[in-house]
Amino acid sequence: MIKLEAAELAAKIKEEVKAEIERGIRPGLAAVRVGDDPASAVYVKNKIRACEEVGIHSEHHALPDSTTTSELLDLIRTLNARDDVDGILTQLPLPAHVNETAIIEAIDPAKDVDGFHPVNAGKLAMGRPVFVPCTPAGIMELLDDRGIEIRGANACVVGRSQIVGRPMAQLLLQRDATVTICHSRTRDLAAVTRTAELLVVAIGRSGLIGREHIKPGAIVIDVGMNRVSDPDQVRSLFGAEAEKRLEILAKRGATLVGDVNPSEAAEVAGMLTPVPGGVGLLTVAMLMKNTLRAAKLRRA
Ligand code: NAP
């Protein structure tokens with residue numbers, strides 16, 4: 001089985017963004033985070049670091065958990081009005097008391113570099129994408145980079161979130177794949193996923209997709225990012241590679257695991273994206289690309 005490592009491609013995308021910025025455009029990105037969810041803090045830190053690498057001006061608005069919807073809306077309106085801000089991202093999930101939909105819809109679609117605004121989701125659904133959510137956009141870059149044939153392929157997307165599953169299915173459809181979407185109410189998930197030559201999994205359940213879900217030779221894209229701290233679960237997921245993961249677990253208290261069982265997938269899949277080292281790296285790279293695009297479109 002081939003491991004679809006994404007580090008090189010992510011670096012190449014960021015290099016291209018950097019080179020264009022060096023030719024004279026200086027985009028600005030505002031990242032908004034509410035509360036102290038440790039995973040969100042890490043994601044935003046990685047995005048800010050990537051901005052520094054490529055030369056995007058960034059600012060980080062880290063707001064307390066007590067922030068109200070109306071306070072957040074005020075901030076979004078200010079960022080919408082500022083000419084030096086080309087892209088606005090609000091790190092999800094927002095705390096339960098904040099109206100997430102109202103916040104997403106308040107962002108100017110021209111600055112919606114996450115591609116979550118209904119205008120951008122609608123344009124994507126109509127086959128006229130402007131800003132595409134970064135994770136599925138990164139997966140398409142990876143498939144193209146490896147020369148994987150999408151046209152006519154039987155593709156299955158497990159998960160129907162606005163962030164990953166739905167836009168992923170739209171992008172594959174646009175490229176002429178035959179797309180099936182599965183979710184928590186799908187009857188006999190394995191029977192459906194086993195028909196897919198291209199299987200994209202975005203569920204949020206560590207190692208749920210096992211050998212019985214995968215067609216022999218299939219290309220499997222694992223979007224899941226789950227923290228696992230139980231040594232027995234690590235042993236059952238990583239087989240021969242468990243020792244390395246157990247060391248990480250001992251050092252950091254948890255290790256990152258996808259939605260696909262990596263040792264079982266290795267027995268049947270043709271290709272698999274690793275976690276970490278796969279889709280996550282591309283998500284950040286595509287955010288850089290979207291922010292540059294926003295700056296170019298706004299200044300055109
Ligand atoms: P989400 O909003 O929670 O959506 C999960 C989807 O999975 C839902 O559509 C749900 O179905 C479906 N699902 C849940 N349990 C299932 C089951 N047993 N069988 C079949 N389908 C099931 O999650 P998300 O935001 O899409 O994220 C999914 C995973 O990707 C998470 O691990 C997240 O951390 C990760 N992620 C990674 C990146 C990255 O850059 N690598 C980016 C975003 C997300 P229903 O709709 O029926 O509830």
Side-chain angles (χ1 to χ4, degrees), residues 4-7 9-10 13-14 31 33 37-47 49-50 89-94 96 100-101 104 113-116 121 132-143 156-172 179-196 199-210 212-214 220-229 233 237 254-262 272-290:
L4 282 174
E5 307 267 0
L9 176 60
I13 293 168
K14 285 191 283 184
R33 179 169 67 84
D37 174 49
S40 290
V42 172
Y43 297 150
V44 173
K45 201 176 87 192
N46 290 343
K47 291 169 185 177
R49 193 189 299 139
L89 79 85
T90 42
Q91 186 64 43
L92 303 181
L94 291 168
E100 203 165 275
T101 307
I104 290 171
V113 287
D114 267 333
F116 297 160
V132 175
C134 301
T135 302
I139 293 170
M140 295 306 282
E141 294 266 346
L142 181 64
L143 296 175
C156 178
V157 180
V158 190
R160 55 177 165 180
S161 70
Q162 303 290 350
I163 304 176
V164 190
R166 282 170 204 254
M168 185 75 241
Q170 291 293 350
L171 288 169
L172 291 168
V179 186
T180 308
I181 306 172
C182 296
H183 43 76
S184 67
R185 306 299 155 104
T186 298
R187 254 184 262 133
D188 199 351
L189 180 68
V192 183
T193 56
R194 244 189 345 254
T195 63
L199 178 61
V200 182
V201 186
I203 311 175
R205 306 269 183 283
S206 23
L208 185 126
I209 298 296
E212 74 279 15
H213 295 90
I214 301 170
V220 183
I221 307 292
D222 188 357
V223 182
M225 291 217 282
N226 314 290
R227 264 157 243 278
V228 168
S229 51
Q233 200 183 354
L237 287 169
T255 186
L256 211 55
V257 170
D259 292 339
V260 177
N261 181 319
L272 171 69
T273 56
V275 177
V279 174
L281 298 173
L282 294 170
T283 298
V284 177
M286 293 311 286
L287 177 69
M288 301 301 105
K289 199 166 170 175
N290 275 356

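Every number for a ligand or one of its atoms is a count from 1 in the order of the listing. Heavy atoms only: backbone and side chains are in, while hydrogens, waters and symmetry mates are out. Keep in mind the model is a prediction, meaning the values are calculated, not measured.
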Checklist line | Distance from atom 34 (O) of ligand 1 to nearest protein heavy atom, with residue and atom | finding: M225 O, 3.4 Å
Notebook entry, point to check: Does V228 offer a backbone N or O that forms a donor-acceptor pair with the side chain of T255 under 3.5 Å?
Noted result: no
Notebook entry, point to check: How close does the nearest protein non-hydrogen atom get to atom 31 (C) of ligand 1, and which residue and atom is it?
Noted result: G204 CA, 3.6 Å
Check: Polar-atom distance check: S184 versus ligand 1, any N or O pair below 3.5 Å?
Finding: yes
Next item on the list: Identify, by atom number and element, the atoms of ligand 1 in contact range of T283, meaning under 4.0 Å from any of its heavy atoms.
Entry: 39 (C), 40 (O)
Notebook entry, point to check: Among V284, I203, L281, I163, which one has a heavy atom closest to atom 23 (O) of ligand 1?
Noted result: I203
Next item on the list: Measure the distance from atom 35 (C) of ligand 1 to every protein heavy atom, then report the residue, atom name and distance (to 0.1 Å) of the closest one.
Entry: V223 O, 3.4 Å
Check: Which ligand 1 atoms are under 4.0 Å away from a heavy-atom of G159?
Finding: 6 (C), 7 (O), 9 (O)
Checklist line | Proximal ligand 1 atoms for R205, defined as those under 4.0 Å from one of its heavy atoms | finding: 14 (C), 15 (N)
Notebook entry, point to check: How far is atom 44 (C) of ligand 1 from its nearest protein heavy atom, and which residue and atom name does that atom have?
Noted result: V164 CG2, 3.9 Å
Check: Is there a side-chain contact between I214 and I209, using heavy atoms and a 4.5 Å cut-off?
Finding: yes
Margin query: For atom 27 (O) of ligand 1, is there a protein heavy atom at a distance under 4.0 Å?
Written below: no
Note to self: Could you report the tightest heavy-atom contact between A190 and E212, atom names first, then the distance?
What the structure shows: CB-O, 3.6 Å
Check: Going through the distances and angles, do N290 and C134 end up as a side-chain contact (heavy atoms from CB on, under 4.5 Å)?
Finding: CA-CA 8 Å; N290 275 356; C134 301; 3.7 Å; yes
Margin query: Considering non-hydrogen atoms of the protein only, which is the closest contact for atom 21 (N) of ligand 1, and what is the distance?
Written below: H183 C, 3.1 Å
Item checked: Nearest non-hydrogen protein atom, atom 4 (O) of ligand 1 -> S161 CB, 3.8 Å
Next item on the list: Among all protein heavy atoms, pick the one closest to atom 9 (O) of ligand 1 and tell me residue, atom and distance.
Entry: R160 N, 2.8 Å
Check: Would you say G165 touches ligand 1, if touching means a heavy atom closer than 4.0 Å?
Finding: no
Next item on the list: Apply the test side-chain contact (heavy atoms from CB on, under 4.5 Å) to residues L172 and L143: give CA-CA distance (whole Å), side-chain angles for both, the deciding distance (0.1 Å), then the verdict.
Entry: CA-CA 10 Å; L172 291 168; L143 296 175; 4.3 Å; yes
Item checked: D114 and L92, any side-chain heavy atoms less than 4.5 Å apart -> no
Next item on the list: Answer yes or no: is there a side-chain heavy-atom contact under 4.5 Å between T135 and P133?
Entry: no
Next item on the list: Report, in ascending order of atom number, the atoms of ligand 1 lying under 4.0 Å from any heavy atom of N226.
Entry: 32 (O)
Check: In Å, rounded to the nearest 0.5 Å, how long is the span from CG of L282 to CD1 of I139?
Finding: 8.0 Å
Checklist line | T193 (side chain) donor-acceptor with H213 (main chain) under 3.5 angstrom | finding: yes
Next item on the list: Provide, to 0.1 Å, the distance between atom 42 (C) of ligand 1 and the closest protein heavy atom, together with that atom's residue and name.
Entry: T135 OG1, 3.2 Å
Checklist line | Non-hydrogen side-chain atoms of E100 and F116 separated by less than 4.5 Å | finding: no
